[in-house]
Amino acid sequence: MLPDKQILRRLQQAVSAVLPEADLSMVMVRPCPDPKFGDYQSNALISLAKARKMNPRQLAENVLGKLDLSNICEKVEIAGPGFLNFRLKPAALAETLTAAARGEHLSFDQSSPPRTVVLDFSSPNVAKPMHVGHIRSTILGDCLARTLRLLGNKVITDNHIGDWGTQFGKLIVGWKKHLNAGALAADPISEMERLYKLVNAAGESDPRILDEARQELVKLQSGDGENLKIWREMLALSQKQFDEIYARLGIKFDFSLGESFYNDRLKSLVDELVGKNVARESEGAIAVFLEDQPQLKDKPALIRKSDGGFNYATTDLATLEHRLKTWHPDEIIYVTDGRQQLHFQQVFGAFKKWHAESQTRLAHVWFGSILGEDGKPFKTRAGETVKLADLLDEAEERAFNIVSEKNPSLPEAERREIARVVGIGAVKYADLLPNRQSDYVFSWDKMLALNGNTAPYLLYAYTRIRSIFRKLEAERQKMELNPAAPEEISLAKHLLNFGLTLEAVAGEYRPNFLCNYLYDLAGKFTAFYENCPVLKADKAMRDSRLVLCDLTARVLKKGLDTLGIEVVDQM
RNA sequence: GCACCCGUAGCUCAAUUGGAUAGAGCAUUUGACUUCGGAUCAAAGGGUUGCAGGUUCAAGUCCUGCCGGGUGCGCCA
């Protein structure tokens, strides 16, 4: 068991010995903000004492009387208003990391008990290009899936593709009247996009075209053979595009159940909600009113339009029901743009009225927009949305130019491969680094910068470690870590916090915690690297430092992998 | 009008149940052994955390008001 967990467990036991009724979930242990205080701290006793009108320092004394950590910690100190400061004994640090070096752990534990989590993210639309608007959901969702899996949870990823909606009326009209087969073969997404825009524009001046589109939609939804065939072809062409993008991003989904999958359930679902008095007629539509929530008082969720058609909320409720029945998850996480907050409040609220007994946690993990350097929504120079494929191309191209400049002697194929990893990694890292709820300004230069908190910087730190092992000639004698220099100790202790960081990422759905942890790790490694020779050190010290290098590389690699970023041995 | 989010160094961003002296990078200034990879490192300056109150042992974080910006608000998804 990792030291922080041991401290936590025994501290909780000691607290419960002194205050048997105390809520132990409030008792937490975290890394100290400043190493001068110690390695770990707990401030739980301050609030526990305040709530009971006790003196916090006296309570701390009493708890310490029941707390024996002498096998792993120095004497526990009470500081300030009642902080407990824990400092690891060097032997405990060395022992834990030596076990890690033997492959027994990598500074994190599996969650207990494992939970089943459904993750809904990415959700592109059929017949449209994937654009920057999809990138955050896709990358954030994938990272959360990886994090939760790493911690031992059962994760089901489901891509809720937009494959069923009013846009297909216009698309089918365009397909039937204006399709350019050659263009479709060359670039199907652009051709479908062209058709949609064409019919959309025509519809603005000629209402008969809109009427035609509505009729084609009705035919499609009532199962017309020809329209279904066209729809299926559009689906297949789009799926091919999605697959290409996801392959480049290294992302896989367990399921891709689009909106159309739930079509057959929508009518009966609305009937059921009306029958159960969850929903009722209002101004010709059917709505679920959520009076019990003040913010939603005047914001009912519409589940059937006055023309009999169904809404986004209807499909989402059917989807929710399907996921619960099929996978029995402990939690369902939706990763979408922040503009959908109201929508998810409505869907979750409506669901609670429908299934008050459900224990499944519903989480809307939302994120801010990507802005251009002018502070407005990120667009191309021509003012169009930036296509994801173009963005990835440019990232790789820019990375290729940098690699070629820095390392002209490498064969081109190798430079291409490095550029792929660095370019894609840089895009992902730039997206995961900001607090997800902030809007952020997209900048190529910042993203591919060689220093600062960027993917290339982390990858560079990794390649330096790999380089040491390439140069290593003599046999390693001992797999044992004995950090002595301050830079070694600081690095070693930071390695232990990988697990706490992963738990924070999973708990708050914030990958940027992991980015910042890895950046600190790379920084601490570099400080070590500058001050502590490895290959030139004498034998015992060299072996110990090799262990430290190896563990750092493994945590860096695993951490980057959790962010969805590959590594390279040279760059 | 109502609701949600945001306002932190010149710029772009951090800050883990409220927790100890608000941290990075860029830019600026100064410095480093022809290096276990200089795509590096060390150091300096730069802050009344939009404003005003309040709660607390402790507030960038919570509450109230104000100012400024963004987003959403019944038949799009």
Side-chain angles (χ1 to χ4, degrees), chain A residues 25-26 28 30-34 36-37 41 43-44 46-47 50 56 79-83 85 123 125 162 164-167 259 282-287 294-307 309-313 315-316 337-343 345 366 368-369 371 373 375 402-403 405-407 422 433-435 437-441 443 445-446 449-454 456-457 459-461 463-472 500-501 503-505 507-508 510 512-513 515-516 519-520 523 526-527 529-537 545 549 570-571:
Chain A
S25 69
M26 288 181 58
M28 300 176 82
R30 45 184 252 175
C32 278
D34 189 321
K36 80 180 179 201
F37 297 126
Q41 66 157 247
N43 54 30
I46 305 172
S47 49
K50 285 283 170 187
F83 293 108
N85 286 332
S123 311
N125 292 312
W164 196 252
T166 47
Q167 74 269 30
E259 291 166 0
S282 168
E283 297 172 32
I286 306 282
Q295 313 137 305
L296 301 180
K297 211 168 185 317
D298 308 320
K299 310 251 181 287
L302 294 193
I303 57 171
R304 194 170 79 196
K305 300 189 276 187
S306 48
D307 70 0
F310 303 103
N311 304 66
Y312 188 23
T315 315
D316 269 358
D337 192 279
R339 284 174 293 197
Q340 295 188 37
Q341 285 177 87
L342 176 58
H343 167 72
Q345 284 178 18
W366 59 270
S369 317
L371 307 176
E373 311 244 7
I402 295 169
V403 176
E405 181 194 321
K406 299 285 179 190
N407 252 321
V422 172
L433 177 64
N435 182 320
Q437 290 176 336
S438 324
D439 294 344
Y440 78 91
V441 174
S443 155
D445 292 337
K446 238 183 75 182
L450 312 163
N451 45 19
N453 195 349
T454 63
Y457 179 83
L459 292 171
Y460 180 67
T463 61
R464 286 172 127 188
I465 303 177
R466 300 305 308 154
S467 174
I468 291 175
F469 283 95
R470 274 198 301 277
K471 293 224 160 104
L472 177 63
L500 285 171
T501 305
E503 286 162 20
V505 171
E508 312 256 328
R510 292 193 189 276
N512 64 312
F513 293 163
C515 295
N516 287 323
Y519 180 58
D520 284 345
T526 307
Y529 184 86
E530 295 284 327
N531 292 289
C532 306
V534 178
L535 295 177
K536 289 174 188 162
R545 288 179 175 174
C549 287
Q570 295 182 64
M571 62 187 276

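Since the structure is predicted, the reported quantities are computational estimates derived from the model, not experimental observations.
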Determine the Euclidean distance between corresponding [atom1] atoms of [M] and [N]; express it in Å to zero decimal places.
N	M	atom1	result
B:C57	B:A52	C1'	24 Å
B:A3	B:G65	P	10 Å
B:A9	B:U28	C1'	13 Å
B:G47	B:C66	C1'	23 Å
B:G25	B:U61	P	26 Å
B:G50	B:U29	C1'	30 Å

What's the closest nucleotide to the [X] side chain, out of [options]?
X	options	result
A:Lys299	B:C4, B:U17, B:C73	B:C73
A:Asn435	B:C4, B:A15, B:G19	B:A15
A:Lys406	B:C36, B:G19, B:A39	B:A39

When only distance counts, do a donor and an acceptor, one from the side chain of [X] and one from the base of [N], lie under 3.5 Å apart?
X	N	result
A:Thr454	B:G25	no
A:Thr166	B:C76	no
A:Gln340	B:A77	no

In whole angstroms, how far is the [atom2] atom of [N] from the [atom1] atom of [X]?
X	N	atom1	atom2	value
A:Leu371	B:C11	CG	C1'	15 Å
A:Asp298	B:C75	CG	P	15 Å
A:Phe310	B:C76	CZ	C1'	16 Å
A:Asn85	B:G19	CG	P	15 Å
A:Glu259	B:C76	CD	P	14 Å
A:Asn125	B:C76	CG	P	16 Å
A:Asn512	B:C13	CG	C1'	10 Å
A:Tyr519	B:A39	OH	P	17 Å

So what does [X] hit on the nucleic acid, given a heavy-atom distance under 4.0 Å: a base, only sugar-phosphate, or nothing?
X	value
A:Thr315	nothing
A:Asp307	nothing
A:Val441	sugar-phosphate
A:Asp439	sugar-phosphate
A:Asn407	base
A:Pro434	sugar-phosphate
A:Gln570	base
A:Phe469	nothing
A:Phe37	base
A:Cys515	nothing
A:Ser467	base
A:Leu302	base
A:Ile46	base
A:Ala44	nothing

Exercise for the section: Could you give me the CA-CA distance, side-chain angles and deciding distance for A:Gln345 and A:Lys299, then say whether side chain to side chain contact (heavy atoms under 4.5 Å, CB included) is met? Expected result: CA-CA 10 Å; A:Gln345 284 178 18; A:Lys299 310 251 181 287; over 6 Å; no
N/O (side chain, [X]) to phosphate O (OP1/OP2, [N]) under 4.0 Å:
X	N	value
A:Ser47	B:U56	no
A:Tyr457	B:C41	yes
A:Asn516	B:C13	no
A:Lys536	B:C36	yes
A:Arg464	B:C36	no
A:Asn311	B:G74	no
A:Lys305	B:C76	yes

Practice task
Select from A:Gln167 and A:Ala79 the residue whose nearest nucleotide in RNA chain B is closer to the 5' end of that strand.
Solution key: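 Nearer the 5' end of the strand: A:Ala79.
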Handout entry: Residue whose nearest RNA chain B nucleotide is more 5′ - A:Gln41 or A:Glu283
Key = A:Gln41
Practice task
Specify the closest pair of heavy atoms between A:Ala287 and A:Pro300, including all atoms of both residues, with the distance to one decimal.
Solution key: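 Reported closest heavy-atom pair: CB-CB, 4.0 Å.
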Practice task
Compare the ring of A:Phe83 with the six-membered ring in the base of B:A20 and state whether they stack (centres under 5.5 Å, planes under 30°).
Solution key: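 A stacking contact exists, since A:Phe83 sits close and nearly parallel to the base ring of B:A20.
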Practice task
Represent RNA chain B in dot-bracket notation, 5' to 3'. Only Watson-Crick or G-U wobble pairs with both distances under 3.5 Å count; pseudoknot-style crossings use [ ] and interstrand partners use |.
Solution key: (((((((..((((.....[...)))).(((((.......))))).....(((((..]....))))))))))))....
Exercise for the section: For this output row, return yes or no: ring centroids of A:Tyr457 and A:Tyr519 closer than 6.0 angstrom. Expected result: yes
Protein N or O to nucleotides 61-64 of chain B N or O, pairs below 3.5 Å:
none

Problem - Modelled atom types, side-chain donor and acceptor of A:Arg304 and A:Asn311, under 3.5 Å - result: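 No donor-acceptor contact under 3.5 Å links the two side chains.
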